**Q** 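This is the structure I want to talk about, given as structure tokens.
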Amino acid sequence: MKSKNLNVFTNGLLRENPVLRLVLGTCPTLAVTTAAKNGIGMGIAATIVLVCSNLVISLLRNVIPDKVRIPAFITIIAGFVSVVQMLVKAFTPAIDEALGIYLPLIVVNCIILARAEMFASKNSVLPSILDGLGMGIGFTAVLTLMGAIREFFGAGTILGFAVTSKFISPMIIFLLPPGGFFVFGMLVALSNALAKRKGKPIVEKMGCENCPAKDSCDKSTESCENAKEAE
Amino acid sequence: MQNKLSVSTSPHIRHFDTTRGIMLDVIIALLPATVFGFVIFGWRAVLHVAICVAACLLCEFLWNVILKKPQSIGDLSAAVTGLILGLNMPTGAPFWIDIIGSVAAIIVVKQMFGGLGHNFINPAMGARIILLVSFPSFMTSFTEPLVHTVSSATPIALESTAPVSYKTLFFGMHPGAVGEVSAFLLLVGGLYLVARKVISPIIPVCFIGVTAGLTYIAGGDGLYAILSGGVMLGAIFMATDYVTSPTTKWGKAIFGIGCGIITFVIRQFGSLPEGVSYAIILMNILTPHINTLTAQKPFGYVKEGKKDE
């Protein structure tokens, strides 16, 4: 039992990393990673919301009627996002300014909704918290890495400290959307290469076989588009 | 008897043109403008072109070696990419950005999408845009011809304040990137390519004509618009890239007209002084759709609905 919980936790770090392997939450990933600091800020904010919403949804999973579960999830998530947003605004206004609209948009972050739908609504409290924590840390790690890469090439700094900016003119394109897509693509390619080396299939086919929730899925959920496609 | 008949699938007749031969023709066509650039801009221009060509060939070579692919530097396409990239460099730029540009052109734009024939935008053009966006100050530091030191704006940026005479523009005694200054020598190169049937004149004629015409209609100086800036170099040598321009006649016309319109719109209404690169890139992206829309009807083809009648 203990090893299973550990498995649930480590799942989100690499094997089912939400950004690189499940390709969820791409919008905030591309938008806020112009600096490593923003990546950390966004990652922590999303992780707090993810853990809390997974906890509450898991507790309420037998109370929420199946037909209205998405509105119920969104309401719970929105509540936590409001709390996080107020906290960020109060204590780290600089990060609030850098993240801008993407902070309130955590409400519709695919990762959080996907974990609520695929995991928390079907599992007990402890695994749900661990899943949220693992996915959140995986999300934060990728955002920080991406932010660091883009900040290093695009501004010559890392976490705001000058590294090469004093003697080499930085490539501004890394801070712009094309640079974001480029770095994102490179990281996905890298994670696919790592997965291939370990003999794991590259995430590209849909259907239940490759569904990240296949272990916890009973294949009867109406909204599971993967199941529909497989049929 | 049977031994004398060779059985194979089509095509049975092959043309003698090779990628290498075509690329060699492009290099020959670019030589006059290149040498002229060397003469008026001095050793910095020579170094820029040399570094770009060498770096592009090296990138192509290393990519093939590392990924264990058949070596393709012999087809000279990387050399042409390097040459065109070098010709797009302003002489005042530092030399290390040539290397970044070459890596961007060969590795990112060309090889990552599958190599020659699979790139969706022109590699040299893509690299130029990447450099322009990344290092705007370097990419616009042009030098005066023959003086080599004074940095100044291109005539296209000076049109309203201190226009240069048509003759100066036509023969190329004005500031600009290494290979874009002499409209005359670029036209000579273009005529050579047309005569050798390497390129069809449709794209350059439409591109240059539409840019001049629209500028004239908008109350500007149409001739000035096409003689200054990168229209000649872009229209003749970059918009006609086989891989990223349409294959049909009407497709080529649409491609050229589109390039002309976008160039005009960017120059007229945008905040950038020059729009040729962006125009070519945008039309490059539309090329597959233009090809599909202008596909030729096979001989004797009857529409589905008419068959029954």
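Within every chain, numbering begins at 1; the chains are lettered A, B, ... in the order of the sequence lines, protein sequences first and strands thereafter. Since the structure is predicted, the reported quantities are computational estimates derived from the model, not experimental observations. Values reported hereafter were calculated over all heavy atoms of this structure, with side chains retained and with hydrogens, waters and symmetry mates removed.
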**Q** Give the interface residues of residues 94-116 of chain B toward chain A, defined by a heavy-atom separation under 4.5 Å.
**A**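 Within residues 94-116 of chain B, the residues that come under 4.5 Å of chain A (heavy atoms only) are B:Trp96, B:Ile100, B:Val108, B:Met112.
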**Q** Taking atom CD of A:Glu97 as the centre, does the number of heavy atoms from other residues, nucleotides or ligands within less than 6.0 Å exceed 12?
**A**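 Atom CD in A:Glu97 is not packed in, count stays at 12 or less.
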**Q** Can you tell me if CZ on B:Phe61 sees more than 12 non-hydrogen neighbours from other groups inside 6.0 Å?
**A**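 Count not over threshold, so no.
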**Q** More than 12 heavy atoms of other residues, nucleotides or ligands under 6.0 Å from CE of A:Met186: is that the case?
**A**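 Yes, because the 6.0 Å sphere around CE of A:Met186 holds more than 12 heavy atoms from other groups.
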**Q** Using a 4.5 Å heavy-atom cutoff, which residues in residues 172-179 of chain A come close to chain B?
**A**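 The residues closer than 4.5 Å to chain B, in numerical order, are A:Ile172, A:Ile173, A:Leu176.
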